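Structure record follows, encoded as structure tokens.
All ligand and atom numbering here is 1-based and tracks the order in the structure. Throughout, residue positions are numbered sequentially from 1 according to the sequence presented. None of these values were measured; they are calculated from a predicted model.
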Amino acid sequence: MKDIDGNNSNAPIGIFDSGLGGLSICKEIIKVLPNESVIYLADSANTPYGEKSREDIIDLSIKNTAYLLELGCKIIVVACNTATTNAISVLREKYDVPFIGIEPATKPAALQSGTGKIGVLATKGTLNSDLFLTTSSKFREQLEIIEVEGINLVRLIEKGQLEETKPLLIEYLEPMVDKGVDHIVLGCTHYPFLIPIIQELIPGNIEIIDSGKAVAKQTLNVLDSEGLLSQTSENTKVFYTNNNIDLLVSFLERIDVKSETIEFKNF
Ligand code: DGL
């Protein structure tokens, strides 16, 4: 993939998630960086990561990264809060490429909160991670953080059963609303697909914080500062899944992304 000057700036951006959730990030990356080639890995055969041990999350993150690097990616976007909060430090030590991660946006919510109360909806793996505990502890003195584990939400989303999440969301959001939060942080990249349902269930003055745009901007900044921005407008968008290809296709329609290649791969 390197050109005559040894530059691999036209290589693809590699993105992975435990499944289809990271497409919410991929969508924003494609918007901000339309000239870039992208390879997306949906590790749906191993979803949900949020209920696995830290060791298993690290192993799966290494497997996904190794595969994307084998395909020649120049940067890896870990489009999964659970994988980022448990594994990104290991990945950064192990591989010599830039990594972009995503973790619950506690800081922007904390800085904007007027009530001094915010909600965080995330997986068990994220809420129990050292990275989340360290970040959130910085704000706990001035702020009440109501954390709720989104049990089974990822499972239903991975089956395409979005409407079926409603009774669970009623249960998970109620304690946040009752406490008077003014921001709800979506700490899992699958959850932005639930925003229309969440909006029906919470008062209109509560802001939903989703970090997709911030991650895309950060990807642009890092590519720029590393001299890795694509130098050509020729690009490809490739999506791999190791589970249900029809579901991947239906999610790509949801995010309005046209892809040149959608393939089943046992990575
Ligand atoms: N999209 C992943 C995240 O952001 C879902 C985790 C899971 O598979 O449980 O955390």
query: Is the number of heavy atoms from other residues, nucleotides or ligands under 6.0 Å of E93 CD greater than 12?
result: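 No - once you tally the heavy atoms of other residues, nucleotides and ligands closer than 6.0 Å, there are 12 at most.
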message: Counting only heavy atoms from other residues, nucleotides and ligands, does the tally under 6.0 Å from NZ of K63 exceed 12?
response: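 Check passes, neighbour count above 12.
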Point-to-point distance, once rounded to the nearest 0.5 Å, from CG of L91 to CD1 of I58: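 The distance works out to 8.0 Å.
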- prompt: Within the distance-only criterion (no hydrogens, no angle test), does the side chain of S129 pair as donor or acceptor with the backbone N or O of F132 below 3.5 angstrom?
  reply: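 Flag set: sc S129 to bb F132 pair under 3.5 Å.
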- prompt: When you measure from the side chain of T236 to the backbone N and O of S37, does any donor-acceptor pair fall under 3.5 Å?
  reply: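 Not at all, since once roles are kept as given, no pair shorter than 3.5 Å links the two residues.
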message: I'd like the contact residues of ligand 1, where contact means a heavy atom below 4.0 Å.
response: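 Near ligand 1, by chain and number: D17, S18, T47, P48, Y49, G50, C80, N81, T82, T123, V154, C188, T189, H190.
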In a table with atom names and distances, give each donor-acceptor pair under 3.5 Å that connects a side chain of residues 172-182 to protein atoms at least two apart or in another chain.
unit_1: Y172; atom_1: OH; unit_2: I151; atom_2: N; d: 3.4
unit_1: Y172; atom_1: OH; unit_2: I151; atom_2: O; d: 2.6
unit_1: K179; atom_1: NZ; unit_2: E144; atom_2: OE2; d: 3.1
unit_1: D182; atom_1: OD1; unit_2: S113; atom_2: OG; d: 2.9
unit_1: D182; atom_1: OD1; unit_2: T115; atom_2: OG1; d: 3.4
unit_1: D182; atom_1: OD2; unit_2: S113; atom_2: OG; d: 3.4
unit_1: D182; atom_1: OD2; unit_2: G114; atom_2: N; d: 2.6
unit_1: D182; atom_1: OD2; unit_2: T115; atom_2: N; d: 3.1

